[in-house]
Structures are given as structure tokens and as C-alpha cells.
Amino acid sequence: MKKASICAALLAAVLTVCASLPAAWGYFTTYTQAKGGYPLYLGQETEIHEDFSDWTKHVTIENTSELSPVFVRARGFTDSSHSLTYSAPEGGWHEEEGWWYYDTILQPGETTKTLDVKISFPAGEEPEEGDEFNVVVVYESTLVLYDEDGNPYADWSNVLTSYEEGA
Amino acid sequence: MKNRRRKALPIGTLLMFIASAALLLTSSIGSAQAALTYFSETYKSQVELYNIGVTLVENGQDVAYRNYGNEADGNWEESGSGLLGNMLAEGETLKLGKAYPEELTVRNSGKIDEFVRVNIYRYWVKGEKEEKCQELSPELIKLERANEDLWIEDETATTAERLVLYYTEPLAAGEVALPFSKTLTIDGGVAKFVTKETLQVDGKTVTRTTYDYNGVEFRLEVEANAVQTHNAEDAIISAWGRDVDVHPNGKPLRLG
């Protein structure tokens with residue numbers, strides 16, 4: 001009977017506690033979600049095409065990538081006894097601080113107009129076949145970036161490809 | 001044979017049992033009384049509104065919604081078409097640095113007033129399995145905010161990837177909140193991560209630079225939550241786990 005008393009007392013305590021519990025509430029809620037995104041195509045490739053005649057390099061640059069438009073520029077270096085003369089017989093290039101910049105963005109598959117780089121000799125010096133000259137021409141390309149209004153610009157501190165060719 | 005005398009229950013135990021039974025009975029009666037008023041005709045028409053719904057709107061177009069039905073049976077309608085579907089024209093590639101229009105907002109597509117909040121996630125993924133690219137900062141995915149006085153930021157929940165915004169005003173049925181974003185820009189800084197190598201190719205010295213993150217994809221993910229305005233403070237702490245202060249008479253919601 002002692003066990004029965006204890007059980008009854010416990011049951012009473014449990015019932016008393018349960019009776020004081022607050023009622024449970026549910027609330028109306030809902031949610032929805034969506035996501036999206038795009039890949040970045042940052043790869044780019046350019047090919048240099050050169051012809052040489054009359055002490056002049058005739059240069060064109062082709063954008064061989066499939067998706068990335070680029071800006072391109074070029075300049076030459078030679079020793080102090082010679083000088084380089086640039087010209088663009090078909091236009092499309094302009095000079096700025098020693099570099100020659102292609103005026104427009106080079107779209108995938110496009111080729112620049114010709115840039116001629118001519119070696120000039122000092123007065124009285126006539127070059128002969130077999131003579132060697134140290135001329136380095138550097139070609140660079142960089143990805144086209146845009147400002148918030150969608151206007152393109154080049155960041156030449158981040159050059160993708162740079163070619164150097166000696167002659 | 002000995003007659004066994006039945007022992008009576010101790011008087012204390014008996015009294016306690018009677019007391020607990022009385023308490024239980026009294027509490028039941030109280031519930032029954034609430035039930036009687038709950039089911040009175042006037043009150044019944046109010047509690048039959050189970051339609052809570054929320055729709056995510058992008059540049060004026062519905063992109064995702066979830067609306068509960070007329071019956072309190074837990075069924076709902078939902079749909080979604082994904083974000084940024086019209087961001088680029090066909091054949092167009094993403095332009096780094098350009099600010100693309102991205103006006104995101106929320107509409108109350110249910111029939112009861114509600115408070116809303118949005119969870120905005122920005123991150124990078126790579127590969128077929130879309131693994132998260134942890135080393136690339138989500139800050140390069142710039143979502144320009146709008147109406148910051150109405151969409152307040154929960155700074156306790158903000159991380160590098162996640163931004164949580166609460167709309168301070170309740171939305172009536174059918175009402176559209178003011179947008180919480182204006183534009184989306186992918187920062188050109190992602191193109192600064194490069195690897196350079198110098199090669200000799202056909203007599204030429206070639207310095208080739210490879211973009212480290214060529215081919216990675218950015219992701220913008222938005223989740224819109226809605227909760228009833230009735231007992232809003234309790235509802236929000238229960239549903240969203242966030243302490244808020246909601247004052248009557250149209251005063252704005254404040255984060256606690």
C-alpha cells in the first residue's frame with residue numbers, strides 16, 4: 001500500500017504540473033527562394049602575324065579566343081645607334097607615351113590593321129645583307145573591363161599575353 | 001482464515017489526489033470556455049483566413065512564390081523560374097564592372113497582412129558539381145542596396161556571404177514592398193588573380209598570363225520569408241528566432 005500511496009502522489013504531482021502548462025500556438029508563415037548566376041569567361045588568346053620587307057616589320061594581331069574581346073598595344077626597342085619609325089598605312093593605331101594602341105576593341109576572330117615598324121639607320125650608314133640588328137618588339141593584350149555605365153576600358157597593369165621578338 | 005482488513009489510503013495522499021483532480025478539471029473548464037467563444041460566429045470568420053503567401057519579384061517580374069490555400073490543410077502552391085534569367089541578352093557574355101539593373105522586392109500574394117524579410121546569399125562556384133570557391137571573395141559580387149531606411153539590416157546575422165534584411169512596415173494583401181536592390185555588378189578585381197609563365201615559342205619570348213578564375217560562376221540567391229502580423233513579436237521569434245519590437249498604429253518594426 002505504501003507503493004500505491006507513492007504512485008498516487010506522483011500522479012497527482014504530474015497532473016498538477018500539466019494543468020499549468022500554457023497552450024501551444026502555431027503561426028502562419030511561408031517562404032520562397034530563387035537563385036541564378038553566370039560563368040566568367042576570362043581566357044583570351046592572340047596570334048601575331050609578321051612579314052618583313054624593306055627593313056620593315058608589317059605586323060597584325062589576331063584575337064583567336066572564342067568569347068573574350070581584348071585591347072592590344074605594341075612597341076619596339078632597339079639599341080641607341082638605330083631608331084624605329086612606326087606607321088599605320090590603313091589607320092587604326094595611335095601612339096601614346098611610346099606605345100602604339102589599337103583604336104578599337106578587338107572582338108573574337110578579328111585581326112588588327114597593319115602596323116609597320118621600320119628600322120632607321122644613321123646618316124651615312126648603309127645596311128648590308130647579313131648585318132644583325134637588335135630590335136625587340138613587344139605586343140600586349142588585356143581583357144576589356146567596363147565601368148558601371150557599361151563603357152569599356154583597359155587595365156594595362158593586368159596584361160594577359162606579352163610577346164617579345166628579337167631580330 | 002484471517003480476515004484481511006483493507007487499509008485505507010492515507011488521508012494526505014487522498015487530499016492531494018482530490019486537489020489535483022480539481023485543478024485539472026478547472027483548467028479543462030477554462031479551455032472549454034475559450035472554445036465556446038472561439039467558435040462563435042463572429043470569431044469564426046476571422047480565423048478562416050489561412051492564405052499567407054509571398055512572391056519574390058525581380059525587375060517587375062514574379063520569379064518565385066509560395067501561397068497557402070483556402071483550407072487549413074497545409075497545402076500550398078509554389079513556383080520558381082530562377083534569378084537573373086534576363087540579365088544577359090542571348091549570346092552576350094558577362095561584362096566585368098558593368099552595373100546590370102537588378103531591382104528585387106517582395107509582394108504579399110496572400111490574403112492576410114504579413115511582415116517580410118529576405119536572406120541574400122552571394123558566392124562563387126566552380127566545376128560540374130558546383131563546389132563553392134571559398135578563396136574568391138563574395139564581396140566581388142556587388143548588389144547595390146536600395147531603400148535602406150525601410151529594409152533594415154540584421155547585422156547580427158550578416159556574414160561575408162549572407163545579408164539579412166527586414167522590411168519595417170507590414171505588407172497588406174497584394175501590396176508590393178519597395179525594392180531592396182538596384183543593380184548587380186561583378187567587380188573587375190576578379191581578373192587581377194593571374195598566374196604568369198614565360199615560354200619560348202617559335203623564336204619568340206612569350207609571357208603568358210592565365211586568369212586563375214576563368215570559368216568560375218557567381219551565384220546570387222534570395223530567400224523571402226513572411227509571417228503573420230497578428231501577435232507579430234511572438235510569431236517572429238517563433239518562426240525566425242529573432243527578437244523584434246512591433247508597435248501598433250503603423251509604427252515600424254525594430255530589431256531587438
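Computed over heavy atoms, backbone and side chain alike; hydrogens, waters and symmetry mates excluded. Reminder, nothing fancy here: chain letters follow the sequence lines and each chain counts from 1. Because the structure is a prediction, the values reported are computed rather than measured.
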Locate the shortest heavy-atom distance separating [X] from [Y]; write the atom from each residue and the value.
X	Y	answer
Tyr123(B)	Lys35(A)	OH-CD, 4.0 Å
Ala34(A)	Leu83(B)	O-CD1, 3.6 Å
Leu84(B)	Gly37(A)	CD1-N, 3.7 Å
Ala64(B)	Gln33(A)	CB-O, 3.6 Å

Tell me, side chain or backbone of [X] under 4.5 Å from chain A's heavy atoms, or both, or neither?
X	value
Asn119(B)	neither
Phe17(B)	both
Trp240(B)	neither
Phe193(B)	neither
Thr93(B)	side chain
Ile141(B)	neither
Leu56(B)	both

Derivation and outcome, side chain to side chain contact (heavy atoms under 4.5 Å, CB included), residues Thr30(A) and Asn67(B): CA-CA 7 Å; Thr30(A) 186; Asn67(B) 305 321; over 6 Å; no
To the nearest 0.5 angstrom, please state how far the [atom1] atom of [X] sits from the [atom2] atom of [Y].
X	Y	atom1	atom2	answer
Glu144(B)	Glu148(A)	CD	CD	7.5 Å
Tyr27(A)	His230(B)	OH	NE2	9.0 Å
Glu92(B)	Tyr38(A)	CD	OH	8.5 Å
Ile186(B)	Leu145(A)	CD1	CG	13.0 Å
Asn151(A)	Lys95(B)	CG	NZ	11.5 Å

Is it true that atom [atom1] of [X] has more than 12 heavy atoms of other residues, nucleotides or ligands lying nearer than 6.0 Å?
X	atom1	value
Tyr121(B)	OH	yes
Gln61(B)	CD	no
Asn86(B)	CG	no

Heavy-atom side-chain proximity of [X] to [Y] below 4.5 angstrom:
X	Y	answer
Thr29(A)	Asn225(B)	no
Phe28(A)	Val227(B)	no
Leu96(B)	Val144(A)	no

Partner chain A: residue of Ala19(B), Gly188(B), Ser20(B), Gly53(B) with the largest heavy-atom pair count (under 4.5 Å):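 Of Ala19(B), Gly188(B), Ser20(B), Gly53(B), Ser20(B) has the most heavy-atom pairs under 4.5 Å with chain A.
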Face-on cation placement of Lys98(B) at Tyr146(A) ring, 6.0 Å and 45° thresholds: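 So Lys98(B) doesn't make the cation-pi contact.
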CA sep, side-chain torsions, deciding dist, call: Leu40(A), Val190(B), side chain to side chain contact (heavy atoms under 4.5 Å, CB included): CA-CA 9 Å; Leu40(A) 300 185; Val190(B) 71; 3.8 Å; yes
Carboxylate-amine/guanidinium contact Asp155(A) Lys192(B), below 4.0 Å: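 Salt bridge: yes.
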